[in-house]
J.: 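One structure follows; several queries about it will come next.
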Amino acid sequence: MELHLYDTRARQKRKFLPLEEGKVGMYHCGPTVYQRPHIGNYRAFLFADLLRRVFEVLGYEVKQIMNLTDVGHLLADAEEGEDKLEAQARKDNVDPWQIVEQVSELFFADLSALGIQLAHAYPRATEYIDEMVEMIEVLVEKGHAYKVGSNVYFDVHSFDKYGELSGNNIAELEAGARLEINDEKRHPADFALWKTDEKHLMKWDTVFGDNGFPGWHIECSAMSRQFLGDHFDIHTGGEDNVFPHHECEIAQSECAHGGKFVNYWMHTKFLQVDGGKMSKSLANVYSLDDLGDRGFCALDFRFLMMRGHYRSSLNFTFKGLQGAAEARKNLCSFIKRLQSVAGDTSSTAIEFDPLNTARQDFIAALCDDLNTSAAIAAVFTLRSEFMKGDFTADQAAATLDFMLNTVQKVFGDLDYIQCTDDEISDSDVDDLIAQRTQARADKEWAKADEVRDQLTAAGIVVEDTADGIKWHRA
RNA sequence: GCCGGCAUGGCCAAGUGGCUAAGGCAAUGGAUUGCAAAUUCAUCAUCCCCAGUUCGAGUCUGGGUGCCGGCUCCA
């Protein structure tokens with residue numbers, strides 16, 4: 001099956017051709033670790049995870065890198081603003097390096113809760129200062145960058161493709177009144193590669209002078225090169241990264257190394273909340289804990305994100321999250337049902353129409369620019385086919401194999417065990433079930449219901465089926 | 001001011017110009033149940049408006065309206 005991906009630079013879907021047969025290298029713009037990432041950030045990271053998983057299901061060997069920006073990402077005005085890390089550090093009255101540690105810890109915990117596979121490396125900007133400096137020197141030597149005192153700027157007029165990714169052009173950018181006035185720069189659209197500021201807390205002494213720190217854009221250029229080389233397959237980020245961040249990366253990397261930088265640029269659309277932008281003033285910037293407080297687990301959020309397409313803006317509401325949570329649980333029940341029908345059967349090679357159709361539709365949907373919505377529909381169609389008819393243990397085993405090894409490989413583990421605190425042990429549940437069974441046998445309905453309420457309160461769902469009483473954790 | 005995207009049932013959402021417009025959630029009716037839950041069966045949209053192209057348009061073109069985004073920290 002041919003994989004087609006939408007390339008922001010080409011503005012269309014393109015057949016994916018790896019640089020090296022059977023392998024793919026990708027770089028994702030990760031979080032700036034000054035605050036715990038919010039659910040919008042995680043939409044982008046879940047997309048990166050999905051992309052990797054799809055490649056793996058298709059048999060590719062993936063090398064996945066995600067950076068952690070821990071210096072140089074400025075607030076407000078690009079040249080005069082304060083470093084995000086330092087602003088947060090001052091606010092909390094702690095060392096910026098401490099903030100980095102604290103936020104990183106939260107970040108990795110969130111990744112785990114979301115079932116995101118760890119990338120092969122999470123390089124931090126502060127660990128690659130030498131590489132950045134080296135790259136900036138090359139740009140200066142080649143005439144693409146210039147020094148003004150101890151600051152270094154990239155000359156956007158030296159790269160004729162500047163603006164190609166975002167659709168901006170330099171003349172229009174400079175005509176706009178939004179660019180800050182900075183007498184140091186030759187052109188208003190030039191951007192900083194290296195800045196000097198004595199007051200900056202995270203600073204380095206380099207060939208450019210003392211007390212310097214890197215510009216945000218150069219970090220990704222240097223780190224991606226370090227792990228993936230001068231030219232690699234895929235670079236992703238949120239739509240807001242298109243300009244200026246990725247535009248600047250292309251300029252830096254292609255000017256420094258001569259050839260093409262990245263083959264496919266992929267960007268996720270923003271997550272909206274209640275129909276509008278997430279913003280602190282509206283108090284709708286949610287973290288995974290905020291979702292947890294409302295009774296949802298990280299996997300519900302993951303499933304909600306998977307139900308929409310990454311290139312469509314997605315409106316987050318708790319009602320929508322509730323729907324996703326129900327849908328996910330229904331798939332979990334389906335898997336449990338399959339497990340009970342399949343029993344110990346291990347003949348997973350059995351083929352039959354509903355499964356063949358589902359397999360085909362599932363993969364075809366994903367290969368069409370990761371159409372997860374259609375892929376999930378294929379799974380639900382299979383589910384209803386299965387629920388309707390009588391299927392053999394062999395067929396159930398084959399379907400189970402598909403669910404576990406293909407569907408869950410792409411969408412992550414759907415099970416919700418980790419979402420609840422197991423406050424009640426299995427044997428306690430069994431005891432209560434036995435009490436209720438006795439009460440029912442005695443037709444003591446009030447007592448039976450009381451026990452059931454007790455179980456429900458403990459997060460146990462009781463099912464009275466023709467085959468006896470079954471229970472599972474909600 | 002300059003760019004770009006989107007507009008499908010109560011909510012979310014897929015959709016290569018052509019049979020009866022995927023799928024999920026919710027809802028309604030029936031089966032089942034001591035009552036529930038779970039399960040199961042069934043029902044539930046003509047695609048923002050106008051004009052055009054076409055044998056045929058949700059799907060292409062033009063106009064309108066609305067929403068969102070980038071150009072400025074942001075995934």
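These numbers were taken from a predicted model, which means no experiment stands behind them. Order of the sequence lines fixes the chain letters, A, B, ..., with proteins taken first and strands second; residue numbering starts at 1 for each chain.
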J.: With sequence neighbours excluded, give me every side-chain hydrogen bond (donor to acceptor under 3.5 Å, both in side chains) pair touching residues 115-124 of chain A.
T.: A/R52-A/Q117, A/E101-A/R124

J.: What N/O pairs connect the protein and nucleotides 20-30 of chain B at under 3.5 Å? Give each pair on its own line.
T.:
unit_1	atom_1	unit_2	atom_2	d
B/rG24	O2'	A/R307	NH1	2.8
B/rC25	OP1	A/N330	ND2	2.2

J.: Going by the rule salt bridge (charged side-chain N to carboxylate O under 4.0 Å, His left out), which residues pair with A/R9 if we only count those two or more places apart in sequence or in a different chain?
T.: A/E164, A/E254

J.: Is the centre of the A/Y286 ring less than 6.0 Å from the centre of the A/F318 ring?
T.: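 Centroid separation for A/Y286 and A/F318: below 6.0 Å.
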
J.: Within the pair A/S312 and B/rA14, is there a side-chain N or O less than 4.0 Å away from OP1 or OP2?
T.: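 A/S312 to B/rA14 OP1/OP2: side-chain N or O found under 4.0 Å.
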
J.: Rounded to the Å, how far apart are A/L271 CG and B/rC12 P?
T.: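 Those two atoms, CG and P, are 13 Å apart.
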
J.: Has the side chain of A/N241 got a donor or acceptor that lies under 3.5 Å from a partner of the other kind on the base of B/rG70?
T.: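 Looking at the base of B/rG70, it does not pair with any donor or acceptor on the side chain of A/N241 (distance under 3.5 Å).
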
J.: Give none if B/rA27 has no partner; otherwise give the nucleotide forming a Watson-Crick or G-U wobble pair with it, both distances under 3.5 Å.
T.: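 Checking every strand shown, B/rA27 finds its partner in B/rU43, with both distances under 3.5 Å.
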
J.: Under 3.5 Å for both donor-acceptor distances, Watson-Crick or wobble: does B/rA22 have a partner, and if so which one?
T.: none

J.: If you look only at pairs with a residue in residues 362-384 of chain A, which of them pass as a side-chain hydrogen bond (donor to acceptor under 3.5 Å, both in side chains), with sequence neighbours excluded?
T.: A/K13-A/D368, A/Y310-A/D369, A/R311-A/D369

J.: Distance criterion of 3.5 Å, no angle test: do you see the side chain of A/R452 paired donor-to-acceptor with the base of B/rA36?
T.: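 Between B/rA36 and A/R452, which were checked side chain against base, a qualifying N/O pair under 3.5 Å is present.
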
J.: Please report the interatomic distance CG(A/L314) to CG(A/L271), rounded to the nearest 0.5 Å.
T.: 6.0 Å

J.: With sequence neighbours left out, write down each residue that passes side chain to side chain contact (heavy atoms under 4.5 Å, CB included) with A/D453, or none if nothing qualifies.
T.: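 With sequence neighbours excluded, A/D453 shows a side chain to side chain contact (heavy atoms under 4.5 Å, CB included) to no residue whatsoever.
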
J.: Applying the Watson-Crick and G-U wobble criteria at under 3.5 Å, what pairs with B/rC67? Answer none if nothing qualifies.
T.: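 Check on B/rC67: paired to B/rG5, both distances under 3.5 Å.
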
J.: How close or far is atom C1' of B/rU72 from atom CD of A/E247, stated in whole angstroms?
T.: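 Taking atom C1' of B/rU72 as the reference, CD of A/E247 is at 16 Å.
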
J.: Which atom pairs link the protein and nucleotides 2-5 of chain B when you take only N or O atoms and keep those under 3.5 Å?
T.:
unit_1	atom_1	unit_2	atom_2	d
B/rC2	O2'	A/E172	OE1	3.4

J.: Counting only Watson-Crick pairs (N1-N3 plus N6-O4 or O6-N4) and G-U wobbles (N1-O2, O6-N3), all under 3.5 Å, who is the partner of B/rU32?
T.: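 For B/rU32, the partner nucleotide comes out as none, under the 3.5 Å rule.
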
J.: Roughly, in whole Å, what's the span from NE2 in A/H245 to P in B/rA75?
T.: 10 Å

J.: Might you work through the salt bridge (Lys or Arg N to Asp or Glu O under 4.0 Å) test for A/D197 and A/K203, ending with a clear yes or no?
T.: CA-CA 8 Å; A/D197 179 359; A/K203 57 194 178 186; over 6 Å; no

J.: Whole-Å distance between B/rC71 C1' and A/D190 CG?
T.: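 One finds 16 Å between C1' of B/rC71 and CG of A/D190, rounded.
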
J.: Quick one: look up who B/rG62 pairs with, Watson-Crick or G-U, both distances under 3.5 Å, and put none if it's unpaired.
T.: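 Here B/rG62 is engaged in a pair, and the nucleotide opposite it is B/rC50.
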
